[in-house]
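Bear in mind the structure is a predicted one, so any value in this text is a computation, not a measurement.
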Amino acid sequence: MGRQRAFDEDEVVRAAARLFGGRAYDGVSVDDLVTHLGVHRNSLYKTFGSKRGLYLIALRRHVADDVQPLAEALAAAKDADAALRLVASADLGLLLLAAVERAPSDEEVATEVSAALASLDQAIGDALGVSPALAEALAAAALGLRLRGNPEEARTALTRRLDPLD
């Protein structure tokens, strides 16, 4: 009979999502995971298979815990400014890093990122009553401005650009 696990898998996955969301996949070594998560190397491999295995689980958890609740809140937003406030304040670090770092070379990550972004597009379209193409463009603009700096400044800048659409 094997030994009982000495760590909470759910807690480790959440901590890994924060670590990958702050430093990206390539910025986190297995040694970093062992040190920051408090999990022995053998346990890490036995439970998650590999660094990539843990990354995929962490990405899926991030989507479930952070992106999907954002999509639900966005779908209920009353106007573009409210939607942009939600995007500006959301924890999307892991999703955005996955989109630029891993999705171009990892089909599984690309699938997860595409589905998450599609849910944000759909929610923005539903909230604002705009076409899918415009919703996708607005979501891309909001996320792009977020990548460029201060989320609040990005929200203000995008809101000014959206005013002519009203």
Side-chain angles (χ1 to χ4, degrees), residues 7-39 44 47-77 80-127 135-159 161-162:
F7 63 90
D8 181 330
E9 187 175 328
D10 197 50
E11 188 177 305
V12 166
V13 170
R14 281 193 178 98
R18 285 190 302 273
L19 191 59
F20 286 125
R23 293 172 47 191
Y25 181 84
D26 288 336
V28 177
S29 69
V30 173
D31 286 339
D32 291 332
L33 291 169
V34 168
T35 300
H36 287 86
L37 304 180
V39 176
L44 183 104
T47 305
F48 304 107
S50 64
K51 173 183 160 183
R52 182 179 175 276
L54 175 56
Y55 178 82
L56 285 168
I57 293 168
L59 177 60
R60 290 178 183 126
R61 173 61 55 85
H62 172 62
V63 169
D65 289 355
D66 299 311
V67 179
Q68 289 308 320
L70 171 61
E72 292 166 12
L74 282 170
D81 188 56
L84 292 171
R85 283 184 191 279
L86 289 167
V87 172
S89 64
D91 175 7
L92 298 174
L94 182 51
L95 177 66
L96 296 175
L97 285 171
V100 298
E101 181 194 35
R102 301 300 305 162
S105 62
D106 186 321
E107 191 174 316
E108 248 181 303
V109 172
T111 298
E112 295 295 331
V113 168
S114 292
L117 293 175
S119 72
L120 295 177
D121 296 344
Q122 179 70 45
I124 287 174
D126 291 347
E136 185 177 334
L138 292 173
L143 294 172
L145 284 170
R146 242 193 103 144
L147 289 172
R148 296 180 79 177
N150 182 314
E152 186 59 28
E153 287 177 18
R155 183 197 62 78
T156 302
L158 190 55
T159 299
R161 289 177 180 97
L162 290 175

Item to complete: Test side chain to side chain contact (heavy atoms under 4.5 Å, CB included) on Arg52 and Asp106 and set out the steps.
Response: CA-CA 10 Å; Arg52 182 179 175 276; Asp106 186 321; 2.8 Å; yes
Discussion item. Set out, in order, the CA-CA distance, both residues' side-chain angles and the distance that settles side chain to side chain contact (heavy atoms under 4.5 Å, CB included) for Phe7 and Thr47, then state yes or no.
Written reply: CA-CA 11 Å; Phe7 63 90; Thr47 305; 3.4 Å; yes
Item to complete: Please step through side chain to side chain contact (heavy atoms under 4.5 Å, CB included) for the pair Leu74 and Asp126, ending with a clear verdict.
Response: CA-CA 8 Å; Leu74 282 170; Asp126 291 347; over 6 Å; no
Discussion item. Is there a side chain to side chain contact (heavy atoms under 4.5 Å, CB included) between Arg14 and Asp65? Walk through the geometry before answering.
Written reply: CA-CA 9 Å; Arg14 281 193 178 98; Asp65 289 355; 3.5 Å; yes
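Residues Val63 and Leu94 fail the side-chain proximity criterion, which asks for heavy atoms closer than 4.5 Å. Taking 4.5 Å as the limit, some side-chain heavy atom of Asp26 sits within range of a side-chain heavy atom of Arg102. By the 4.5 Å heavy-atom criterion applied to side chains, Asp91 and Leu70 are not counted as neighbours. You'll find the side chain of Val39 stays beyond 4.5 Å of the side chain of Val34, heavy atoms only. Between Leu33 and Phe48, the closest side-chain pair of non-hydrogen atoms is not below 4.5 Å.
Remark: the backbone N or O of Val28 is paired with a side-chain donor or acceptor of Lys51 at under 3.5 angstrom. In this structure, the side chain of Ser114 does not engage the main chain of Thr111 through any donor-acceptor pair within 3.5 Å. Distance alone, capped at 3.5 Å, is enough to place a donor-acceptor pair between the His62 side chain and the Leu95 backbone.
Of all the heavy atoms in Ala99 and Pro104, the pair that sits closest is O-CD, 3.5 Å. Looking at every heavy atom in both residues, Ala123 comes nearest to Ala71 through CB-O, 3.1 Å. Across every non-hydrogen atom of Ala103 and Ala110, the tightest pair is O-CB, 3.5 Å.
Using modelled atom types and a 3.5 Å distance limit, the side chains of Ser119 and Gln68 yield a donor-acceptor pair.
Rounding to the nearest 0.5 angstrom, the gap separating the CD1 atom in Ile57 from the CG atom in Asp10 is 11.0 Å. We find the CG-CD distance between Leu59 and Glu108 to be 10.0 Å, quoted to the nearest 0.5 Å.
For Glu112, the salt bridge (Lys or Arg N to Asp or Glu O under 4.0 Å) partners at least two apart in sequence or on another chain are Arg60.
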Indicate every side-chain donor-acceptor pair of residues 16-25 with a distance under 3.5 Å to a residue at least two apart or in another chain.
from  : atom 1 : to    : atom 2 : distance (Å)
Arg23 : NE     : Gly27 : O      : 3.4
Arg23 : NH2    : Gly27 : O      : 3.1
Arg23 : NH2    : Asp32 : OD2    : 2.6

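Between Arg61 and Asp66 no salt bridge is recorded (no basic side-chain N to carboxylate O distance below 4.0 Å).
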